Amino acid sequence: MKIRLHPKRTCLTEENLGMTQNETPSPFGGDTEALSRLWLEMLPPDVHVSQLLGEWLPADQLTAIKELLQRNHQAAEASRIKFDELRQQLNANPNDEQLDRLHDDRFWSRVFMDSAHSMSAVGMLAPFMESLFVAIFAGLRRWQVEDMGDTRRQRADDQFWRPQIYFDKDVPKTNLVKGIEQLAGSCGLQPYLPAGYERTLAALFAYRNNMFHNGFLWPAEIISKFSKRVASEKWPDAWFTSVDKAGEPWLYYMSPLFCDHCVKLIDEIMDGTGRYLKERGL
């Protein structure tokens with residue numbers, strides 16, 4: 001396999017390989033390709049991803065997301081404890097009207113705080129997930145276009161490299177999840193992505209769209225439609241929690257378990273992409 005050198009990605013020098021002018025010469029002599037191969041084999045997958053994404057800094061972004069998710073979870077747990085304590089007081093004093101009004105106020109406060117935390121979580125995780133795939137495919141396109149030096153091909157690839165586009169019988173359609181899956185398959189990335197990632201993306205983006213278009217209180221028909229989709233696509237029950245009214249879901253939240261699952265999936269996507277790049281000498 002011919003190793004292509006990309007100056008922006010690696011700088012292959014004797015210092016990179018731990019050598020100085022006073023040390024034993026490299027056993028590869030002046031074989032630049034052998035030096036490149038050795039250098040690439042030494043790099044862990046996360047370095048390959050960092051080089052692909054450049055200044056996008058995914059690890060730093062993900063750290064910020066994790067910290068805010070943790071703070072929101074702690075605030076929600078503190079609110080739950082206070083609400084349970086108030087409920088116990090009301091159970092012990094069922095005729096206390098002041099406690100009853102306070103309980104009602106705390107109930108709505110907690111409902112909408114949980115909704116705010118859920119919107120915050122999906123508002124960070126869904127755009128990060130989408131922009132991660134956009135950045136990965138943009139990086140792969142950039143490296144391939146650099147190798148080909150073909151500006152005509154570059155223009156023709158505008159739609160091909162956009163993961164938001166899915167080609168159905170050569171007709172471009174907008175479908176982010178299907179587009180990611182199709183493009184990953186086209187460029188050979190699919191086997192390196194975590195199993196079942198498509199189902200997670202479908203659930204995450206569906207919830208994101210509903211929250212951003214409908215706010216905290218979704219119309220009844222939207223709630224019903226989402227409930228049916230959860231069942232039909234067999235999304236795990238633990239991914240979303242609900243507040244029920246008259247035995248039917250009334251509000252949906254992203255569960256802490258689903259948030260953690262999405263964060264883990266992001267790590268696995270970057271790791272898989274790094275392994276893909278490393279095995280191809282990129």
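Treat the numbers as computed from the prediction; the structure is a model and nothing was measured. For reference, positions follow the sequence shown, starting with 1.
Counting heavy atoms from C-beta outward, K66 and Q70 have side chains that stay 4.5 Å or more apart. Looking at K173 and F167, their side chains never come closer than 4.5 Å, going by heavy atoms from C-beta outward. Between F133 and L193, the closest side-chain pair of non-hydrogen atoms falls below 4.5 Å. A 4.5 Å side-chain heavy-atom check between P58 and F128 finds at least one atom pair inside the cut-off. At a threshold of 4.5 Å between non-hydrogen side-chain atoms, the residues R162 and V134 do not count as touching. You'll find the side chain of L125 stays beyond 4.5 Å of the side chain of M129, heavy atoms only. By the 4.5 Å heavy-atom criterion applied to side chains, R110 and D114 are counted as neighbours.
The same ILVMFWY cluster, assembled from side-chain heavy atoms under 4.5 Å apart, contains both W56 and F137. In this structure, L57 is not a member of the same hydrophobic cluster as L53, with clusters built from ILVMFWY side-chain heavy atoms closer than 4.5 Å. Criterion: ILVMFWY side-chain heavy atoms under 4.5 Å apart, direct or through other members. Under it, M119 and F240 are part of a common hydrophobic cluster.
E268 contributes no side-chain N or O that, together with a main-chain N or O of A195, makes up a donor-acceptor pair within less than 3.5 Å. Under a 3.5 Å cut-off, the side chain of N210 and the backbone N or O of A206 do form a donor-acceptor pair. No donor-acceptor pair closer than 3.5 Å links the side chain of S224 to the backbone N or O of A220. Using modelled atom types, one side-chain atom of N175 and one backbone atom of K178 make a donor-acceptor pair closer than 3.5 Å.
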Practice item. Check the pair R275 / D271 against salt bridge (Lys or Arg N to Asp or Glu O under 4.0 Å), numbers first and verdict last. Key: CA-CA 6 Å; R275 289 185 287 106; D271 179 71; 3.2 Å; yes
**Study point:** CA sep, side-chain torsions, deciding dist, call: V122, F212, side chain to side chain contact (heavy atoms under 4.5 Å, CB included)
**Key:** CA-CA 9 Å; V122 75; F212 283 16; 4.2 Å; yes
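Between L183 atom CG and L189 atom CG the span is 8.5 Å, to the nearest 0.5 Å. If you take CD on E77 and CG on N72, they are separated by 13.0 Å, rounding to the nearest 0.5 Å. Atom CE of M124 is separated from atom CG of L62 by 10.0 Å, given to the nearest 0.5 angstrom. The distance from the CG atom of L86 to the CZ atom of F107 is 12.5 Å, given to the nearest 0.5 Å. Atom CD of Q98 is separated from atom CD of Q89 by 10.5 Å, given to the nearest 0.5 angstrom. Of the inter-residue distances, the one linking D100 atom CG with N95 atom CG reads 10.0 Å to the nearest 0.5 angstrom.
Ring pair F216/W108: centre-to-centre distance not below 6.0 Å.
What you find for S186 and F160 is that their closest heavy atoms are CB-CZ, 3.9 Å. For the pair Y197 and E181, the tightest heavy-atom approach, listed with the atom from each and the gap, is OH-CA, 3.4 Å. Minimum interatomic distance between H117 and A75 (heavy atoms only, all atoms of both residues): CE1-CB, 4.0 Å. When all heavy atoms of A76 and M113 are compared, the closest pair comes out as CA-CE, 3.8 Å. Across all non-hydrogen atoms, the minimal contact from S118 to Y207 is OG-OH, 2.7 Å. The minimum heavy-atom distance linking G139 with L52 is given by the pair C-CD1, 3.5 Å.
The salt bridge (Lys or Arg N to Asp or Glu O under 4.0 Å) contacts involving residues 192-221 comprise E130-R208, where partners must be two or more places apart or lie in separate chains.
When each of L277, V49, I269 is tested with I136 by the rule side chain to side chain contact (heavy atoms under 4.5 Å, CB included), just one qualifies, namely I269. The side chain to side chain contact (heavy atoms under 4.5 Å, CB included) test with S120 singles out one residue from I65, L69, L68, and that residue is L68.
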Result block: side-chain N/O donor-acceptor pairs under 3.5 angstrom for residues 242-266, not counting sequence neighbours:
from: S242; atom 1: OG; to: D244; atom 2: OD1; distance (Å): 2.9
from: Y252; atom 1: OH; to: S227; atom 2: OG; distance (Å): 2.7
from: Y253; atom 1: OH; to: V111; atom 2: O; distance (Å): 3.0
from: S255; atom 1: OG; to: A238; atom 2: O; distance (Å): 2.5
from: S255; atom 1: OG; to: W239; atom 2: O; distance (Å): 3.1
from: S255; atom 1: OG; to: L257; atom 2: N; distance (Å): 3.4
from: S255; atom 1: OG; to: F258; atom 2: N; distance (Å): 3.0
from: H261; atom 1: NE2; to: T200; atom 2: OG1; distance (Å): 2.8

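Classification of the W218-F226 ring pair by plane angle, with boundaries at 30° and 60°, yields perpendicular.
Salt bridge D84/R80: present, at least one basic N to carboxylate O contact under 4.0 Å.
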